[in-house]
S.K.: 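Dropping a structure here in structure tokens format, bear with me for questions.
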Amino acid sequence: MRMSSLLSQTLREAPSDAEILSHQLLVRAGYIRQLAAGIFTSMPLAKRSLTKIENIMRDEMNKIGGQEMSMPVVHPAEIWKATGRWEKVGPEMGRFLDRNGRDMVLAMTHEEAVVAIIKDEIQSYRQLPMLIYHIQTKWRDDPRPRAGLIRVREFTMKDSYSLDRDWEGLDLQYARHYQAYFNIFGRCKLPVIAVKSDVGMMGGNVAHEYMYLSPMGEDTLLLCDACGYSANRQIAEFQKVKSPQEEPAEREKIATPEMKTIADLAEYMGIPESKTAKAVFVMAAMQTAEGEEEKLVFAIVRGDMDLNETKLTNALGAKSLRPAEEKEIAASGAVPGYASPVGLKDIIVVVDDLIPESPNLVAGANQEGYHFKNVNYGRDFEADIITDIAAARDGDACPDCGGAMRAVRGVEVGNIFKLGTWYSEAVGATFQDADGEEKPVVMGSYGIGSGRLLASIAEEYNDKYGLIMPITVAPYEVHLVELGGSKDERGEVKQAAEKLYQDLTAAGVEVLYDDRDESPGVKFNDADLIGVPLRLTVGSRALKEGGIEAKLRHESEKIQIPVGEVVARTREIIKSLYDDILDKLEDVEFEG
RNA sequence: CGGGGUGUGGCGCAGUUGGAAGCGCGCCGCGUUUGGGACGCGGAGGUCGACGGUUCAAGUCCGUCCACCCCGACCA
């Protein structure tokens, strides 16, 4: 490709609304342009990188038996009503009416489309197991797109769906994906870890997320360096430090004016925060037989801990939670800031499993300005649910080995879910098994966003001059710079560069050829910004000695290669760059 | 949805007490230059986010709305 005709201008300064590095660099280098919040155009450079990423995904999916197809982006609402997600999903789903006034949906994922097709196409156990996938656009009207390509509203995703006769089959396909995903990220040279994750609205019972560890990530993970335990904070467990056992003392009411926070209260009383009970009120959307209903929930964790809303949501079996408003809290008889589990009605009380083992706590008295001392579970109050609802934090003890866990931030670049039969049952996607019985197809779903992956790679590989793209995903393999200029009166430099461009291209090398009439500084800076791994420079300096200059983007040394050997040597260098990446791929141990 | 911020040429920005819309980069033409974002001369390009109001006069003051960014809420 000649840069003189490439639709991609580099920018000396990034747009002011690009805050994170990958966003700034991808815009400055001319890979992407923003059209609206969370909606981007992939320019030719990005498109080439994305195609390479997607071809890696194809290859790894095909290797585990996947067959590529393409399911529609626009769906009739019926298939979403059939699984209940038409009602269940909120404004994040794109909806519109077609010309005949029928409800239509912009796909945010494709489980519905999958079961719609297999309902008709899969009839016999002989057709299973099967793995289907596609690489398709999704629309999710996220309330807050951010961080360039990391979190967008319109994006492309490789999503695959495993179809099996039974759970053993699912386990096998799931384990294959577990490995295939490490291969995909490895081939893109992106370091990731797999962590256990919440199954969320997808249902099912096992899920992993692939995380690229980065301070700009949106998820918090807890990792144990001692034994390898890793989990998203949403579900991370930990060993709780129990309070010292003591005899329940007599409950007493004490005046605590203006002490509305745990920190204030503990300081005022001269006690550790672990001797207090923290009250959190939420409104939980619950699905009941009559439909959806909002219920006030009173969650209690020990004062030195934080509530984990995902754990609470799962404990309640709720669709979603939102913070309760003061008037909703007041309606239950509780007093915000002085709330107490003692003597409340019409409210679901959920207490963390540490609370019953924590005697003589200080809790609110449901009276402005007063707390109770020596509140004890069982004697003074009871709960509807007792379970783990506390959030793990940096330094907490690993649930498996007790070692101190680290809390780190990560970007979710992929995930795998054991869906089970939830979707197939919902729409009656069944097959006839060998024993003659009709059974629902057992499903798994597996996703990787290609744009987010590109952004993560850009975030990981760069320096002050620009991007440093791994060769497997770089838009081109070679950046050929021609430095003829007006001193090149007989056009020798220009001719040598043109010939090299032709020869390399003929040899199957992907070349970005800077044939523009620009100064050397401009060309070198643009080359560094775009980040193609190997730069070849044709200039009079080396040409006088019968050579051209080669430089790897990630190194500072330059070498001179005799003109006649350039094509062969270039192919060698490129091969070694690929090998460096592919040799590092390794088999991982699957821990279900 | 709550809090904060920003909207002036493709990008980055300035614009005073309200009084003729500017600068740098980029772009076009001509010439000089050519191994790390060169220089000269000459150009093109803006309904100042939108609408309404105040005023003789609004980029500037007032109001409403919109867009975009950040923090939070939310999120397979």
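Quick caveat: nothing in here was measured; it's all calculated off a predicted structure. Naming: A, B, ... by sequence-line order, numbering from 1 per chain.
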S.K.: Mind checking A/A18 for me? I need base, sugar-phosphate or nothing, with any heavy atom below 4.0 Å counting as a touch.
M.R.: nothing
S.K.: Would you classify A/A147 as touching base, sugar-phosphate or nothing, given that sugar-phosphate means primed atoms plus P, OP1 and OP2, and contacts are heavy atoms under 4.0 Å?
M.R.: sugar-phosphate
S.K.: Tell me if a side-chain donor or acceptor on A/H110 pairs with a main-chain N or O of A/S160 at a distance below 3.5 Å.
M.R.: no
S.K.: Which of these nucleotides, B/rC11, B/rG37, B/rC75, is closest to any side-chain atom of A/L529?
M.R.: B/rG37
S.K.: Quick one: pull up CG in A/L504 and OH in A/Y513 and give me the separation to the nearest 0.5 Å.
M.R.: 11.0 Å
S.K.: Give a yes/no on whether any side-chain N or O of A/S519 is located under 4.0 angstrom from OP1 or OP2 of B/rA38.
M.R.: yes
S.K.: Want to settle it: does A/L543 or A/R144 sit nearer the 5' end of RNA chain B, counting the closest nucleotide to each?
M.R.: A/L543
S.K.: A/D526 near the nucleic acid: base, sugar-phosphate alone, or nothing, with a heavy-atom cut-off under 4.0 Å?
M.R.: base
S.K.: Would you tell me if any nitrogen or oxygen in the side chain of A/Q34 comes within less than 4.0 Å of OP1 or OP2 on B/rC69?
M.R.: yes
S.K.: Determine the Euclidean distance between corresponding C1' atoms of B/rG7 and B/rC65; express it in Å to zero decimal places.
M.R.: 14 Å
S.K.: Select base, sugar-phosphate, or nothing to describe what A/E412 touches, counting heavy atoms under 4.0 Å on all strands.
M.R.: nothing
S.K.: For A/P145, answer base if it contacts any base atom (sugar-phosphate contacts may also be present), sugar-phosphate if it contacts only those atoms, and nothing otherwise; contact means non-hydrogen atoms under 4.0 Å.
M.R.: sugar-phosphate
S.K.: Identify, between A/D528 and A/H23, the residue whose nearest nucleotide on RNA chain B lies closer to the 5' end.
M.R.: A/D528
S.K.: Is A/R535 touching bases, backbone alone, or none of the nucleic acid, heavy atoms closer than 4.0 Å?
M.R.: base
S.K.: NA contact type, A/F155, heavy-atom cut-off 4.0 Å: base, sugar-phosphate, or nothing?
M.R.: base
